[in-house]
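A short worksheet on the structure shown next.
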2 protein chains.
Amino acid sequence: MTTILINGDAANPVSPADRGLAYGDGLFETLRISQGRIVFLAEHLARMQAGCQRLGLPFDPSAFEPDLERLLQESGNNDAVLKLLVTRGAGGRGYRPAADVIPTRIASLHPLPPITNTGAKAFVCRTRLAHQPALAGIKHLNRLEQVLASQEWPDDSFMEGLMLDYQDHLIEGTRSNLFMVTDGHICTPDLQACGVAGILRQFLLEQLTPAPAITKIDLPALFRADELFFCNSVLGILPVSSLLSGAETRRYTSHTVTLQAQSLFTTALQTC
Amino acid sequence: MTTILINGDAANPVSPADRGLAYGDGLFETLRISQGRIVFLAEHLARMQAGCQRLGLPFDPSAFEPDLERLLQESGNNDAVLKLLVTRGAGGRGYRPAADVIPTRIASLHPLPPITNTGAKAFVCRTRLAHQPALAGIKHLNRLEQVLASQEWPDDSFMEGLMLDYQDHLIEGTRSNLFMVTDGHICTPDLQACGVAGILRQFLLEQLTPAPAITKIDLPALFRADELFFCNSVLGILPVSSLLSGAETRRYTSHTVTLQAQSLFTTALQTC
């Protein structure tokens, strides 16, 4: 069930000179199809639009609309994943983009991966995230930090790796955002300097009660926390049962806010 | 005169699921062909090999040898540029690489771009380089910082943009390394935290007299310097005649060490 449309056509090739391949010069989104609906569609397209503005990439994500319609139809009534990717196309003088950019638009349909809603094992990655405010928040194609971190997986029983910056602040999971609960206070890391500002993270920031705070969080604070979960707009809410950091393991048994977040996500799948 | 071989064959396609496109998960090299020889070939392949080790990419750059032979033949006796690019291929679970990686190898032949050997205008970019020691030095495919900087070009009369890190240290040009001469002392920026360790930079570090120092350099030091040049193993030595920083311009009239570097490069084109 993997269909790929390149500039609207399954028969189009990717140029080996595409700047997405040469420089990671582009953006992507992964979206959840649930019960025949694309969840958080407007939010995903808005984030891609913001990313295009940040990169100076002249592209309107609404160009994906016919592709979305076609792939949604192809999904039948099965839950699935949609991936949208845009690059600055081929051309330009080295790093300098061409004046007449023709972006490359790739839309693809994938099966929904296995989803864990019960307590999961997580670990702290050695790979750190660099501070780069010019690229923070957007979902661009320069993902080597995540690729490096993903090679640290201790074994397949772990569900997510937690990434810190070089100032020892927690930022996010390799493919998710992070929420922490301590004494009833909910917080999530500040992403001004690095990290991807997730669509589900933003939804939870607006919907959770009490309202979460955006703060700097370090590892000792995480070890003192009562509750911890990751979120991802495809995979939903991932409760953390244990966190491995070096030789130390912290177990989490409280999941009160996590259950609230899961309930909000279930509603979002039907209405957002 | 652009020929592209993908895994050794001009007819092979690039998969839209290639991790080079999805995550910038790979490396590249650009090499100069001069008088029927590939200049610094061993050094370029060694840097790619070091990059593969850093990224955990199981690939031996000597796999490019038949491609190199074919493209060198195709170049006739014309000076030209060879680009080698390797990615982790398609597959894997999201960011996690597949266990059975089949790398994608792309070799292409391009015309030599126009080359400037006389004094050139340079400017200081607003875009900064992030500190990421895990990726510093190698020539990976995550190049959005350079793409952003390359959109700042004031006009076509400028030949290179100079990039600083967030600690106000000079690091490199958008597509070159930097050498500075002050009171007869030669130095080039430290690249432990960011930047690409250029092949020609390394050659000049070994060959220039007096021996250059690797140091931290800030903008005031550059404005006090007598002489400034960029180096790139395709474009050679680019003497800087003026540097624009904000509203200020510094002019450089001394080119003694630059001439020495140009002479070394001319020799390298024939012997390295």
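Remember, predicted model here, so these are calculated numbers, not experimental data. In what follows, chains carry the letters A, B, and so on, assigned in the order in which the sequence lines appear, proteins first and then strands, with residues in each chain numbered from 1.
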Q: For the pair Asn142(A) (side chain) and Arg143(B) (backbone), establish whether a donor and an acceptor sit closer than 3.5 Å, ignoring hydrogens and angles.
A: yes
Q. Under 4.5 Å, heavy atom to heavy atom, which residues of residues 231-240 of chain B contact chain A?
A. none
Q.
Determine whether Arg96(B) and Asp156(A) satisfy the following criterion, side chain to side chain contact (heavy atoms under 4.5 Å, CB included), listing intermediate values before the conclusion.
A. CA-CA 11 Å; Arg96(B) 290 181 73 181; Asp156(A) 279 343; 3.1 Å; yes
Q.
Counting heavy-atom pairs closer than 4.5 Å to chain B, which one of His140(A), Glu152(A), Lys83(A), Glu145(A) comes out on top?
A. Glu145(A)
Q | Interface residues of residues 160-169 of chain A facing chain B - heavy atom cut-off under 4.5 Å | A | Tyr166(A)
Q. What distance do Arg54(A) atom CZ and Leu148(B) atom CG have between them, rounded to the nearest 0.5 Å?
A. 9.0 Å
Q) What parts of residues 10-17 of chain A touch chain B if we use heavy atoms and a cut-off under 4.5 Å? A) Val14(A), Pro16(A)
**Q.** Heavy-atom pair of closest approach, residues Pro97(B) and Val147(A)
**A.** CG-CG1, 4.4 Å
**Q.** Partner chain A: residue of Ser108(B), Gly56(B), Ala22(B) with the largest heavy-atom pair count (under 4.5 Å)
**A.** Ala22(B)
**Q.** Heavy-atom proximity to chain B below 4.5 Å, by part of Arg19(A)
**A.** side chain
Q) Checking Leu55(B) against chain A: side chain, backbone, both or neither under 4.5 Å from a heavy atom? A) both
**Q.** Contacting moiety of Leu141(B), where chain A heavy atoms sit under 4.5 Å
**A.** both
**Q.** Check: Tyr95(A) and Arg175(B) side chains under 4.5 Å, non-hydrogen atoms
**A.** yes
Q) Which residues, numbered in order, of residues 121-133 of chain A come under 4.5 angstrom of chain B by heavy-atom distance? A) Arg128(A), Leu129(A), Ala130(A), His131(A), Gln132(A), Pro133(A)
(Q) So for Thr87(A), is it side chain, backbone, both, or neither that comes closer than 4.5 Å to the heavy atoms of chain B? (A) side chain
Q) Asp25(B) versus chain A, heavy atoms under 4.5 Å apart: side chain, backbone, both or neither? A) both
Q) Which bit of Leu144(A) is near chain B, if near means a heavy-atom gap under 4.5 Å: side chain, backbone, both or neither? A) both
Q | Flag if over 12 foreign heavy atoms under 6.0 Å of CD1, Ile115(B) | A | yes
